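Below is one structure, written out as structure tokens; the observations come after it.
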Amino acid sequence: MGEAIVVTSGKGGVGKTTSSANIGTALALLGKKVCMVDTDIGLRNLDVVMGLENRIIFDVIDVASGACRLEQALIKDKRFDQLFLLPAAQTKDKLALSEQSMQTIVAKLKEQFDFVIIDCPAGIEHGFRVAVTGADQAIVVTTPEQAAVRDADRVIGLLEAQKISSPKLIINRIRPQMMKNGDMLDIDDIISILSLDLLGIVPDDEHVIRAANQGEPTVMRPDSPASMGYRNIARRILGDPVPLMNLSVDEGGLFKKMRKWIGLH
Amino acid sequence: MSRSARSAPAKVRDLVTVKGIRNGLLFVLADDVDIADVLEELEHKIEGQIKSDGTLTAYVECGQRKVTDDDERMIRKLFATHGNLIVGGFAGAPTVSSLRHKDPYVFKGTVRSGMLIEHDGDVVIIGDVNPGGQIIAAGDVYIMGHLRGSIHAGASGNHQAVIAANYFEPLQVRIAHVVRRAPDVRTRPAEMEFAYLDGEQMAIEQMAYLAQYRAKMS
Ligand SMILES: Nc1ncnc2c1ncn2[C@@H]1O[C@H](COP(=O)(O)OP(=O)(O)OP(=O)(O)O)[C@@H](O)[C@H]1O
Ligand SMILES: [Mg+2]
């Protein structure tokens, strides 16, 4: 029986889809059987970031409405035999995907896969409720900005009300120099407001944008900083106590502090 | 079809009736059936009231039933473990004059963005109040944690209400009708301070002064 993890944020554009694609791929890279589910109906992206757009025939709403079987809608990744995508619908009414049908789909996927990674749409309305409904765990993505942290806090409150216990935090698009200069919210400040366990940090990295345009998740490149961030996150999901990456602004400072946050001294 | 025929189908009377009232929700419990049945129905009704945002006060009315301590404990437990309703009392809907003498409401946990706690008395938070979180109290508000959100104390016009926090860094504080917002430049949070009204001005003082202020007011 696998585990379903929803990737959510409240605020749009902070890196939910990027995180879903990279975590899914990194888990596959580590030998796990993974299915990614795009629930952003009408604004589907995950297929584009994964470079699988041209293979879509059926989508999640076709499965929910019974127009096709679940297996028919699953798209196999071009890199890994063990990695699949259930794409969102682009043109159908988003209300066609109900919480109930989503629960059924996720439950079926959990029987076949080690991990089901659910990419949530922005916002806290219908789409959010559908995305989180079948999930066992949640990852909340934020960036070091006030508005993103505010929305993350809102979402954490809603997840707690949904009885999804202790969501985990990813802080994306970190720019060490700005953080060091105090131009960006400090990692310490973010954690102290949100009071969540930090799953990992991902630097702002132009490879992410380049990779998204090439339909190849960043984790496939071993040399990019964001790739290292996501690989570490995947290992932590599997229970491996990897230390936070060194963003090398200066030795003692940022790095030492960061180790503290995940309980490594 | 005649009117009486349409309303005729004998429907079993609800053991628990929920009514919206000005300050929250009123739960009327049937007083002539076994309490266990009422509790079961109450659990469903509470779950039916769950909204993902905000907190409401629930007033319980028990009619002629003599509510034992055990019953009361079970009812409170149902409210505490299901949804986000706060028990306001067991004496039915509140009368306006009783609003001033409510027990303090104690909340344990983080008041996150989008959460609203409203209470017709003092409010104690054991935890932080985050930006975007809001508390509206008829009485005082005490925060055993970091205040970063918005607080309205003395909301029904009590000028003597205070707002106190271990770390005092609110977005906005109001006492009665006087509003004060955070300075636009971020400063370090003040430790152990409270806000009160000095005439029409909001003043902030060290917690040590609170007892003195109280004495002066009484
Ligand atoms: N670590 C990063 N470094 C650089 N660019 C990034 C990083 N993470 C995300 N981006 C870029 O930010 C943009 C938004 O990312 P993404 O689509 O993953 O966000 P999202 O939260 O899924 O957005 P939406 O709310 O619209 O679904 C994309 O252009 C992406 O390439
Ligand atoms: Mg997205």
Side-chain angles (χ1 to χ4, degrees), chain A residues 6 8-12 14 99 120 122-133 135 138 140-169 179 181-186 188-197, chain B residues 43 46-56 78-86 107-118 125-135 143-150 165-172 181-189 191:
Chain A
V6 61
T8 180
S9 68
K11 186 164 159 48
V14 299
E99 292 181 44
C120 180
I124 52 175
E125 285 81 35
H126 179 77
F128 168 80
R129 288 196 297 272
V130 167
V132 305
T133 184
V140 176
V141 183
T142 188
T143 56
E145 288 168 80
Q146 296 278 10
V149 172
R150 199 68 55 88
D151 290 357
D153 192 46
R154 177 95 171 91
V155 153
I156 295 162
L158 296 177
L159 289 170
E160 284 169 350
Q162 295 262 348
K163 311 228 160 55
I164 295 189
S165 59
S166 50
K168 302 276 186 295
L169 183 67
M179 212 170 247
N181 298 345
D183 298 329
M184 223 175 210
L185 273 182
D186 202 281
D188 254 344
D189 291 342
I190 298 172
I191 294 176
S192 127
I193 291 181
L194 298 180
S195 46
L196 278 198
D197 290 341
Chain B
E43 182 171 344
I46 296 174
E47 276 175 348
Q49 294 297 332
I50 297 180
K51 307 252 168 12
S52 42
D53 43 349
T55 318
L56 278 176
L78 279 182
F79 278 103
T81 49
H82 300 267
N84 45 5
L85 291 161
I86 299 152
F107 178 90
K108 295 171 192 161
T110 310
V111 180
R112 296 190 183 273
S113 175
M115 278 172 77
L116 166 66
I117 291 183
E118 265 185 292
I125 306 291
I126 319 280
D128 298 346
V129 180
N130 281 353
Q134 200 181 355
I135 296 171
I143 293 147
M144 317 277 228
H146 202 134
L147 166 55
R148 302 182 177 95
S150 305
N166 287 12
Y167 294 93
F168 195 88
E169 198 186 11
L171 267 185
Q172 191 186 84
R181 59 174 173 74
D184 290 327
V185 235
R186 210 182 148 204
T187 49
R188 293 199 137 273
E191 281 184 46

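The analysis underlying the following values was restricted to heavy atoms, covering all of them including side chains, and did not include hydrogens, waters or symmetry mates. Letters go in sequence order (proteins before strands), and every chain restarts at 1. Every value quoted in this text rests on a predicted model; they were computed, and no experiment measured them.
Chain A forms more heavy-atom pairs under 4.5 Å with one residue of B:Gly133, B:Gly132, B:Ser113, B:Pro131 than with any other, namely B:Ser113.
Considering all non-hydrogen atoms of both residues, B:Arg148 and A:Ser192 come closest at NH2-OG, 2.8 Å. Heavy-atom minimum distance, B:Arg112 versus A:Ser195: NH2-OG, 3.7 Å. Across A:Ile193 and B:Asn130, no two heavy atoms sit closer than the pair O-ND2, 2.9 Å.
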